[in-house]
Amino acid sequence: MDKHITIRELTASNDIARFWDELYAHFRRDVFPDSEGEDRPYFLGQEYRDAIEKLHERDTDPLHYLFFRQNGTDIGLAMTVTYLSEDRKCFILEFCVFPEFRGDGTGRSCAAALLEWARRGGADYFALNADTEQRQRFWGYSGFRVVGEDEHGLPLLLRKD
């Protein structure tokens, strides 16, 4: 089996609808498994989706909906914005490998493919928030380091090549 990961950028409305279905499943399963989480209603609600859609639809530095593919199958997703009009930072908003494809280094391969895709698109460096030790360790393997907190108090990680 070929372990090569490719990135598929989503533009068709049916692909974007599937992206949101998968993202909501990821939120319920991995990010907010406790139904009492205070941020859960926002991230699973229309307000978050509307805000993201505005970023996707803007002319300058639009947000990208992405699926990771392996052997013709979508195995995960990511959502990024690269600020080409500013400092060429690629901010990774969301990243998920679907549960049935986790393990055996697949997440690291997806992360590497994402960083390479963003570099080819003009990114000079990368940033993301990682609010758990597990996520910080995962991104640490890809060269990210905690550099402080964002305006919401979430740990901010950077990778500068």
Validation row: Glu149, Leu156 side chains within 4.5 angstrom (heavy atoms): no
query: Between atom CZ of Phe138 and atom CD of Glu133, what is the distance when rounded to the nearest 0.5 Å?
result: 15.5 Å
- prompt: Can you pull the ring pair (Phe, Tyr, Trp, His ring centres under 6.0 Å) pairs that have at least one residue in residues 97-131, sequence neighbours excluded?
  reply: His64-Trp117
query: Hey, quick one: are Leu84 and Met79 part of the same hydrophobic cluster, counting side-chain heavy atoms closer than 4.5 Å, chains of contacts allowed?
result: no
- request: Using the six-membered ring wherever Trp is involved, compare the ring planes of Phe67 and Phe19 and label them parallel, tilted or perpendicular (cut-offs 30° and 60°).
  value: tilted
- request: Enter the distance from Cys110:SG to Ile7:CD1 here, rounded to the nearest 0.5 Å.
  value: 7.0 Å
field: Cluster check Tyr141, Phe95: I/L/V/M/F/W/Y, side chain < 4.5 angstrom
entry: no
- prompt: CH2/Trp20 to CG/Leu77 distance, rounded to the nearest 0.5 angstrom?
  reply: 10.5 Å
field: Sub-4.5 Å side-chain heavy-atom contact between Val81 and Cys90
entry: no
message: Less than 4.0 angstrom from a charged side-chain N to a carboxylate O is my criterion; do Arg119 and Asp161 meet it?
response: yes
message: A side-chain contact here means heavy atoms from C-beta on lying under 4.5 Å apart; do Pro62 and Glu57 qualify?
response: no
- prompt: Side chains of Gln134 and Trp139: is there a donor and an acceptor less than 3.5 Å apart?
  reply: no
- request: First locate atom CZ of Arg88, then atom CG of Asp61, and finally report the distance between them rounded to the nearest 0.5 Å.
  value: 10.0 Å
message: Can you confirm whether Ile92 sits close enough to Leu114 that some side-chain heavy atom of one is under 4.5 Å from a side-chain heavy atom of the other?
response: yes
field: Glu38 atom CD, neighbour heavy-atom count above 12 within 6.0 Å
entry: no
- request: Please assess Arg18 against Asp74 for the test salt bridge (charged side-chain N to carboxylate O under 4.0 Å, His left out), listing each intermediate value before the final yes or no.
  value: CA-CA 11 Å; Arg18 182 166 164 255; Asp74 295 329; 2.6 Å; yes
task: Could you check if a side-chain atom of Pro99 sits within less than 4.5 angstrom of a side-chain atom of Arg29, using non-hydrogen atoms only?
output: yes
field: Close side-chain approach of Ile75 to Arg69, heavy-atom, < 4.5 Å
entry: no
field: Sidechain-backbone polar pair: Arg159 side chain, Ser142 backbone, donor-acceptor under 3.5 Å
entry: yes
field: Side chain Asp87, main chain Lys89, donor-acceptor under 3.5 Å
entry: yes
statement: Taken to the nearest 0.5 Å, the spacing of Ile16 CD1 from Tyr65 OH works out to 6.0 Å
field: Test item: Leu128 and Leu158 side chains (from C-beta on) under 4.5 Å apart, heavy atoms
entry: no
- prompt: Where do Gln136 and Ala130 come nearest, in terms of heavy atoms and distance?
  reply: NE2-O, 3.0 Å
Any donor-acceptor N/O pair, Arg40 side chain to Phe32 backbone, under 3.5 Å: yes
Heavy atoms from other residues, nucleotides or ligands near CD of Glu47 exceed 12 (cutoff 6.0 Å): no
field: 4.5 Å side-chain heavy-atom contact, Arg145 and Leu157
entry: no
message: Run the side-chain hydrogen bond (donor to acceptor under 3.5 Å, both in side chains) test against Gln46 and tell me which residues pass, sequence neighbours left out.
response: Asp50
query: Arg49 side chain to Ile52 main-chain N or O, any donor-acceptor pair under 3.5 Å?
result: no
message: Tell me whether the rings of Phe43 and Phe27 are parallel (<30°), tilted (30 to 60°) or perpendicular (>60°).
response: perpendicular
field: Any residue meeting side-chain hydrogen bond (donor to acceptor under 3.5 Å, both in side chains) with Arg102, in chain and number order, not counting sequence neighbours
entry: Asp30
- prompt: Is there a donor-acceptor pair under 3.5 Å between the side chain of Asn129 and the backbone N or O of Leu93?
  reply: no
statement: CD1 of Ile5 to CD of Glu116, rounded to nearest 0.5 Å, is 14.0 Å
SB check Arg8 Asp15 (cutoff 4.0 Å): yes
